[in-house]
2 protein chains.
Amino acid sequence: MDTATGLETRELRYFVAVAEELHFGRAAERLGMAQPPLSRAISQLERRVGATLLDRTSRRVTLTEAGRVLLEEGRAALEAVEAAGRRAQRAALAGTGQASVVLTAKAGASSELLAKLLDAYAAEPGAAAVDVHLCGPGEQERLLRDGRADVALLHRPFDATAGFDTEDLVTEHQVVLLPAGHPLSLRSEMTLAEVADLPGLPLPRWPRRDGSFPDGAGPQVRDHTQVLQLIALGRACAVLPESAAATLGRDLSAVRVTDAPEVTTVIAWPAHSRSRAVAGLVQAALRL
Amino acid sequence: MDTATGLETRELRYFVAVAEELHFGRAAERLGMAQPPLSRAISQLERRVGATLLDRTSRRVTLTEAGRVLLEEGRAALEAVEAAGRRAQRAALAGTGQASVVLTAKAGASSELLAKLLDAYAAEPGAAAVDVHLCGPGEQERLLRDGRADVALLHRPFDATAGFDTEDLVTEHQVVLLPAGHPLSLRSEMTLAEVADLPGLPLPRWPRRDGSFPDGAGPQVRDHTQVLQLIALGRACAVLPESAAATLGRDLSAVRVTDAPEVTTVIAWPAHSRSRAVAGLVQAALRL
DNA sequence: GGCACCGATACCGTGGGGGTATGGACACCG
DNA sequence: CGGTGTCCATACCCCCACGGTATCGGTGCC
């Protein structure tokens with residue numbers, strides 16, 4: 001049972017494609033190859049692992065339990081390999097005066113904290129250049145895992161922090177943002193139930209991990225600024241951390257939501273990271 | 001810069017070998033191949049990553065910054081790939097009535113808690129078979145990372161928990177174990193400084209990660225039982241968590257050490273684990 | 001029963017990974 | 001300072017295995 005399997009990433013990539021498509025033909029197309037070699041590669045992989053990964057009839061392909069496990073773990077492993085390559089690539093560029101750390105944050109969130117962090121770190125002796133990568137919700141996790149980023153500002157409980165090392169930075173309440181002049185904007189507090197029932201002001205729909213949107217009435221949004229604009233236009237409302245409302249203009253007002261979960265901004269990095277620059281950023285963040 | 005590198009695990013294995021040996025000839029031997037193809041494979045890897053990983057003269061091979069990063073990250077990636085294979089393998093065996101979860105613990109530590117945990121989990125409906133893998137200190141981390149284990153009982157602050165999900169189980173003080181009848185065994189407390197100065201009773205030396213032992217006067221030990229026996233023989237003393245002393249026989253006695261750090265026993269598992277059996281074990285542990 | 005779909009098998013060509021032989025740089029030694 | 005030993009790179013070759021095309025065989029559907 002202590003058999004070292006010695007899988008190749010190519011095999012894993014093939015398997016993940018088939019396991020996701022559940023169809024050899026489509027998977028082969030996606031991989032840019034013909035179907036027969038793919039079939040063979042999968043059977044070879046099965047021999048190597050010593051287990052059937054896919055139950056296949058000529059009509060339907062399904063995952064076995066072992067297959068489900070390998071899909072899950074294989075994806076993680078492939079991301080780790082990608083991460084290794086990319087981080088080495090970037091480490092080389094760092095010597096040439098290019099940016100050496102990539103920090104990722106949700107566009108529009110914690111912007112004040114981010115600005116202070118960058119200032120504080122830049123003031124340190126020996127500070128590396130920091131490349132800021134703003135992105136949509138949920139993307140940071142992937143960037144951190146596959147090596148395109150080194151540090152991230154995440155927001156619990158929205159973002160998954162499993163597998164990362166984290167330090168808590170600030171915890172804040174959430175508020176509902178309303179168009180200025182909305183009758184309820186004079187209230188001092190509201191509940192989530194009241195927010196959900198606001199006539200004519202649906203909550204916007206954020207994309208899921210895979211990019212698709214949940215069903216519902218609200219407008220589809222991908223970005224923080226889109227939300228603010230929609231609220232200003234009187235087409236939506238949104239529940240957000242206080243800090244997101246700190247800089248709101250004259251056309252928005254905020255009301256504290258009492259029963260919304262508190263949001264903690266955390267700084268996160270890959271658990272095994274030994275980078276001096278990342279450590280410096282974390283230190284700077286904790287001193288804020 | 002968004003170049004998908006697409007490394008193969010073979011290349012990574014080669015690179016890790018060379019980076020560890022810092023010598024192409026020895027690395028080739030270790031890999032069971034000739035030196036020239038290894039040289040070529042490394043240059044190809046360098047082209048793929050787009051960076052020099054090793055500075056080589058005919059006398060000395062050294063790692064570049066990019067090389068150091070790739071060594072670190074590559075090791076983690078290789079372990080992730082191994083883990084994927086092994087866990088899939090075991091998932092297949094699980095269907096055939098063999099053990100489906102592997103739990104690892106330090107030999108001799110938390111044995112009472114471990115027994116209670118196994119009992120509690122086994123009593124649950126639908127409990128899977130649990131394979132217990134006892135091992136030396138520091139080994140569990142590796143077992144969990146490379147897929148030979150699914151859950152571990154770890155002890156903070158001794159074991160590294162970075163990258164795992166954990167739940168705290170119990171926190172305890174540490175005691176010093178002395179041969180029964182030792183003059184100081186009547187004391188109610190001691191300090192670490194006093195323990196270090198006990199004449200004729202040196203602290204044992206535990207192996208480091210790489211298997212080597214630190215310099216010093218104490219006997220070399222690999223195991224909990226070895227320590228207990230040496231103490232009973234009057235050749236050593238040891239600072240251990242209270243629970244390790246709970247079952248001590250007539251030939252040992254324990255004295256509380258006031259300034260030793262508290263030890264927390266935690267249950268840990270890979271962050272991305274979705275296994276039902278692991279979740280059940282964690283639940284059972286939390287209910288103890 | 002005919003047909004369309006889809007995965008497995010058979011067979012073939014080529015690229016690349018691995019082998020041996022050798023070159024060339026560098027340190028050490030007499 | 002030439003000789004020698006060490007060690008990585010290059011040259012050249014071979015063969016396996018990966019990928020391609022053609023085809024078979026099973027399965028569900030009209």
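Residue numbers start from 1 in every chain, and the chains themselves are labelled A, B, ... in the order their sequence lines are given, proteins ahead of strands. Quick note: numbers below take in every heavy atom, side chains included, and nothing from hydrogens, waters or symmetry partners.
To the nearest angstrom, C1' of D:dG20 lies 13 Å from CG of A:Leu38. With rounding to whole Å, A:Tyr14 atom OH is found 9 Å from D:dC18 atom P. One can place CG of A:Leu22 at 17 Å from C1' of C:dC5, the figure rounded to the nearest angstrom. At whole-Å resolution of the value, CZ in B:Arg26 and C1' in D:dT6 are 12 Å apart. Regarding A:Glu11, its CD atom lies at a distance of 14 Å from the C1' atom of D:dG19, rounded to whole Å. Between the CZ atom of A:Arg56 and the P atom of D:dT27 there is a distance of 14 Å, given to the nearest Å. The CG atom of B:Asp55 sits 16 Å away from the C1' atom of C:dC26 (whole-angstrom rounding). Note: CZ (B:Phe24) to P (D:dT10) measures 11 Å, nearest angstrom.
Contact annotation: A:Ser39 side-chain N/O to C:dG7 OP1/OP2 distance is not under 4.0 Å. Checking the phosphate oxygens (OP1, OP2) of C:dG17, no side-chain nitrogen or oxygen of B:Arg40 falls inside 4.0 Å. Note on A:Gln44: a side-chain N or O is less than 4.0 Å away from OP1 or OP2 of D:dC18.
For A:His23, the side-chain atoms get nearest to C:dG7 when compared with the rest of D:dG19, C:dG18, C:dG7.
Ion pairing between B:Lys106 and B:Asp159 holds under the 4.0 Å rule for side-chain N and carboxylate O. Contact check on A:Glu65 versus A:Arg68 returns a salt bridge, with a Lys/Arg side-chain nitrogen under 4.0 Å from an Asp/Glu carboxylate oxygen.
Taking 4.5 Å as the limit, some side-chain heavy atom of A:Leu54 sits within range of a side-chain heavy atom of A:Leu63. With contacts defined as side-chain heavy-atom distances shorter than 4.5 Å, the pair A:Arg148/A:Val102 does not qualify.
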Taking only N/O atoms, report every protein-nucleotides 27-30 of chain C pair under 3.5 Å with atom names and distance.
| unit_1 | atom_1 | unit_2 | atom_2 | d |
| --- | --- | --- | --- | --- |
| C:dA27 | O4' | B:Arg59 | NE | 3.4 |

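Within residues 29-37 of chain B, the residues having any heavy atom closer than 4.0 Å to DNA chain D are, in order of number, B:Gln35, B:Pro36.
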* To do: Before giving the answer on salt bridge (charged side-chain N to carboxylate O under 4.0 Å, His left out), spell out for A:Arg142 and A:Glu82 the whole-Å C-alpha distance, their side-chain angles and the decisive distance to 0.1 Å.
  => CA-CA 11 Å; A:Arg142 160 161 293 259; A:Glu82 282 298 302; over 6 Å; no

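The OG atom of B:Ser273 lies 7.0 Å from the CG atom of B:Asp150; values are rounded to the nearest 0.5 Å. Between the CG atom in B:Leu134 and the OG1 atom in B:Thr104 there is a gap of 7.0 Å [rounded to 0.5 Å].
Here B:Glu11 pairs with B:Leu7, B:Glu8, B:Gln44, B:Leu45, B:Arg48 under the side chain to side chain contact (heavy atoms under 4.5 Å, CB included) rule; sequence neighbours left out.
A side-chain donor-acceptor contact under 3.5 Å links A:Arg13 and A:Thr9.
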